[in-house]
Each structure stands twice: as structure tokens, then as C-alpha cells.
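First up is the structure itself, then whatever we jot down about it.
Everything numeric in this text was worked out from a predicted model, so none of it was measured.
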Amino acid sequence: MEKAANKTIPNIFSEDGEAAFRDIETQVLQQAVRFPGIVATGGGSVDRPENVAILKQSGATIIYLYGPLEDTIKRLLPEKQRPLLNQKSTLAFLNYGKSATRYTVQ
């Protein structure tokens, strides 16, 4: 992501916003699934139907790691590396997670 955008992920969010980050994420995912190996995405990747389609069409084995949102926040908050988590209050992030649509990739 950072190489494709030629800037850090926090800079993508602060300068261009989440929508631009998600667009870059989709472009990178389209390229990444063409190569053998493991592609690790963030949890927000599957919030876009086009990303789910890319993953399904790749023919790869897909493993979705799930953890309770509250536990995930507790684990990630000290890192201070997640722009969305840093931009929103923990309560707002919890509400976002509860209302987010999740897709089953089979």
C-alpha cells in the first residue's frame, strides 16, 4: 500500500482520506492476488464487495481471522498505527464495527 501510494498509511488517511485509502487497497489487492504466496489484508478489506469478488476469483484459500471487536481494539490501541482507530473515539469505533456489513467469503 505504502509503495503504491508513495506515502505512509497514516499520510494516506490524513492527506487523502479513507475513501482514497480504500481505492488504493482495492488496486493493490487486484495485483497481489496474481502472485503465489500469502496476502494479508486488514479487516476493512472485506467491507468492499469488489474486494470480496477479487478474493473469491483468485482461487486462493481465504482465512478470515475474527476476534471480538472490543478485544481487537484493546490489542491495537497501544500500537497507535491504525489511522481509523486513532481518528475516532473508541466508542465511535465500537459503533462503527457493530454496524459494519460483514461478508462471508466462500
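The backbone N or O of Ile9 sits less than 3.5 Å from a side-chain atom of Glu2, completing a donor-acceptor pair. Between the side chain of Asn51 and the backbone N or O of Val46, no donor-acceptor pair lies under 3.5 Å. Side chain of Ser14 to main chain of Pro10: a donor-acceptor pair is present (N/O by atom type, distance under 3.5 Å, no hydrogens or angles). Arg22 places no side-chain N or O within 3.5 Å of a backbone atom of Arg48 that could act as its donor or acceptor partner.
More than 12 heavy-atom neighbours from other residues, nucleotides or ligands sit within 6.0 angstrom of CG on Asp71.
In terms of heavy-atom proximity, Ala32 sits nearest to Val39 at O-CG2, 3.8 Å.
Considering CD1 of Ile54 and NZ of Lys56, their distance stands at 12.5 Å, rounded to 0.5 Å. Considering CG of Asp16 and CG of Asn11, their distance stands at 9.0 Å, rounded to 0.5 Å. Rounded to the nearest 0.5 angstrom, Glu50 CD and Glu25 CD are separated by 9.5 Å.
Listed by chain and residue number, nothing satisfies the salt bridge (charged side-chain N to carboxylate O under 4.0 Å, His left out) test with Lys74 (two or more places apart in sequence, or in another chain).
By the 4.5 Å heavy-atom criterion applied to side chains, Gln57 and Val33 are not counted as neighbours. Two residues are said to be in side-chain contact when any heavy atoms from C-beta on lie closer than 4.5 Å; Thr8 and Ile12 fail this criterion.
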